[in-house]
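Structure record follows, encoded as structure tokens.
From a predicted model like this one, the values you see are computed outputs, not experimental measurements. Lettering of chains follows the sequences in order, A, B, ..., and the numbering in each one begins at 1.
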There are 2 protein chains.
Amino acid sequence: MTAEAGRTFVNEGDSADNFFNITSGTARLFKSLPDGRRQITGFAGRGHFLGLAVSNSYAFSAEAIEPVQYCRFSRIKLRQMLDDFPALEKRLLEVASNELVAAQEQMLLLGRKTARERVASFLLSRKLETAACISTTPHVHLPMTRSDIADYLGLTIETVSRTLTSLKADKLIGIPHPAEIVVLNQTGLAAQAGGYN
Amino acid sequence: MTAEAGRTFVNEGDSADNFFNITSGTARLFKSLPDGRRQITGFAGRGHFLGLAVSNSYAFSAEAIEPVQYCRFSRIKLRQMLDDFPALEKRLLEVASNELVAAQEQMLLLGRKTARERVASFLLSRKLETAACISTTPHVHLPMTRSDIADYLGLTIETVSRTLTSLKADKLIGIPHPAEIVVLNQTGLAAQAGGYN
DNA sequence: CGATGAATTGAAACTTGTCAACGGCAGTGG
DNA sequence: CCACTGCCGTTGACAAGTTTCAATTCATCG
């Protein structure tokens with residue numbers, strides 16, 4: 001199946017009938033408050049599983065940033081597969097554990113890091129992810145908008161923009177294009193990120 | 001096994017050799033930054049599983065707030081048990097999924113809610129947890145200090161204290177004792193919590 | 001080339017944090 | 001039995017980081 005950019009294919013609160021596996025593209029996962037405030041809990045790329053929710057309804061929404069291709073299984077089908085292939089269950093547990101660790105790291109970021117530390121941490125984690133595909137490029141590609149970054153880091157667009165500008169002024173990064181960041185000084189950037197990453 | 005109050009029985013970064021199941025008491029789970037800033041990612045009570053980390057080292061620390069009793073299994077023993085009882089794997093996946101949903105809710109709180117909304121949300125979720133034991137009491141017991149609450153909500157002790165005082169002034173809660181809160185107006189409190197909870 | 005939405009930049013306002021003082025309660029020891 | 005001590009929680013005044021509001025610039029695309 002495929003979802004064009006901007007398309008919401010999982011809706012917070014809807015009956016959790018399906019289970020997804022993203023095969024290409026990027027999606028934002030988020031929760032919303034009644035007044036429209038939004039918290040992006042993560043970005044899901046190639047290989048990401050969605051819909052682990054145990055309860056009857058999804059706890060988050062998912063929206064394509066870039067065109068997303070995915071496989072969709074009904075919950076019933078998933079149960080069948082779990083019974084047929086016990087290894088899958090092990091794999092899912094592993095995936096869930098990894099996400100839990102990532103979520104805890106993000107809680108630390110949201111609860112205790114400054115704006116500068118958040119943005120630096122974000123760039124570094126993105127760089128790691130990019131490096132997994134292309135070996136060691138200093139380039140980081142940001143498929144999401146500033147608004148997405150802000151909602152992921154618990155900041156406003158303006159603060160994200162100002163912070164990037166400031167990091168650029170300090171020669172830690174370059175910004176050839178809003179969606180393209182170059183890490184000029186990885187060590188220096190890491191020093192601004194607060195933690196060890 | 002047992003851990004007296006204040007005892008750290010899981011240390012962030014240590015080799016993740018063991019797996020825990022808490023049988024009584026309450027522990028705080030947290031991550032720290034090099035300069036001492038701390039984010040409590042959750043409070044673990046009776047029945048809680050600890051140590052799901054897939055990597056070789058714990059991603060968080062755990063410290064007893066009240067005296068804690070727990071069962072401890074080596075990772076090897078856990079693997080054995082998982083092989084012998086496939087149902088356990090299903091259960092763990094369920095547990096991990098639940099924690100993931102809770103973590104996402106907490107990210108929303110940390111990234112997008114105001115201090116007042118955070119404290120109100122915290123009291124309500126605590127009340128739910130208390131209600132699970134004792135039926136419908138308006139009383140909420142807080143075994144943790146203000147410092148713990150602050151580090152859980154991404155605030156300072158002072159802000160937590162002020163906010164509680166303010167909620168009391170608005171007749172939404174009563175504070176007979178620092179560790180004992182009475183919810184006087186649940187609906188009103190929920191309205192201050194931002195979300196649906 | 002003009003239009004539209006995204007990103008940047010500036011100034012002012014506000015929420016929360018910081019620093020400091022005070023009060024209360026518990027445990028200790030004279 | 002009562003001062004003493006230390007920790008925890010509360011309160012106040014002020015500072016600071018981030019948000020809000022507004023204007024401008026920049027990219028993309030028909």
key: Option among B:M107, B:Q106, B:R112 that satisfies the side chain to side chain contact (heavy atoms under 4.5 Å, CB included) test with B:L110   = B:Q106
Report the residues that fulfil ring-ring contact (aromatic ring centres under 6.0 Å, His included) with [X], sequence neighbours left out, ordered by chain and then residue number.
X: A:F60; result: none
X: A:F30; result: none
X: A:F85; result: none

request  = Any side chain to side chain donor-acceptor pair (under 3.5 Å) involving residues 67-77 of chain A? Give me the pairs, sequence neighbours left out, ordered by first then second residue.
outcome  = none
With sequence neighbours left out, write down each residue that passes side-chain hydrogen bond (donor to acceptor under 3.5 Å, both in side chains) with [X], or none if nothing qualifies.
X: B:S15; result: B:D17
X: B:R28; result: B:E63, B:D148
X: A:E180; result: A:H141
X: A:D35; result: A:R37

Check: A:K127/A:Q186 side-chain N/O donor and acceptor closer than 3.5 Å = yes
query = Would you call A:S61 and A:V10 a side-chain contact if the rule is heavy atoms closer than 4.5 Å?
reply = no
message = Can you tell me how the ring of B:F43 sits relative to the ring of B:F122, calling it parallel under 30°, perpendicular over 60° and tilted otherwise?
response = tilted
request  = Can you check each nucleotide of nucleotides 3-10 of chain C against protein heavy atoms at under 4.0 Å and return B for base, S for sugar-phosphate only, - for none, in 5' to 3' order?
outcome  = ----SBBB
Spacing between B:H177 atom NE2 and C:dC25 atom C1', to the nearest angstrom = 9 Å
key: Nearest-angstrom distance from the residue atom NZ of B:K113 to P of C:dT15   = 18 Å
Boundaries of the DNA chain D segment in contact with chain A, non-hydrogen, under 4.0 Å = D:dT18 to D:dT28
task = Enter the inter-axis angle for the ends of the helix from C:dC1-D:dG30 to C:dG30-D:dC1 (five pairs per end, rounded to 10°).
result = 30°
key: Residues in contact with DNA chain D, drawn from residues 26-45 of chain A - heavy-atom cutoff 4.0 Å   = none
inquiry  = Between the side chains of B:D170 and B:R116, is the shortest nitrogen-to-carboxylate-oxygen separation below 4.0 Å, so that they form an ion pair?
reply    = yes
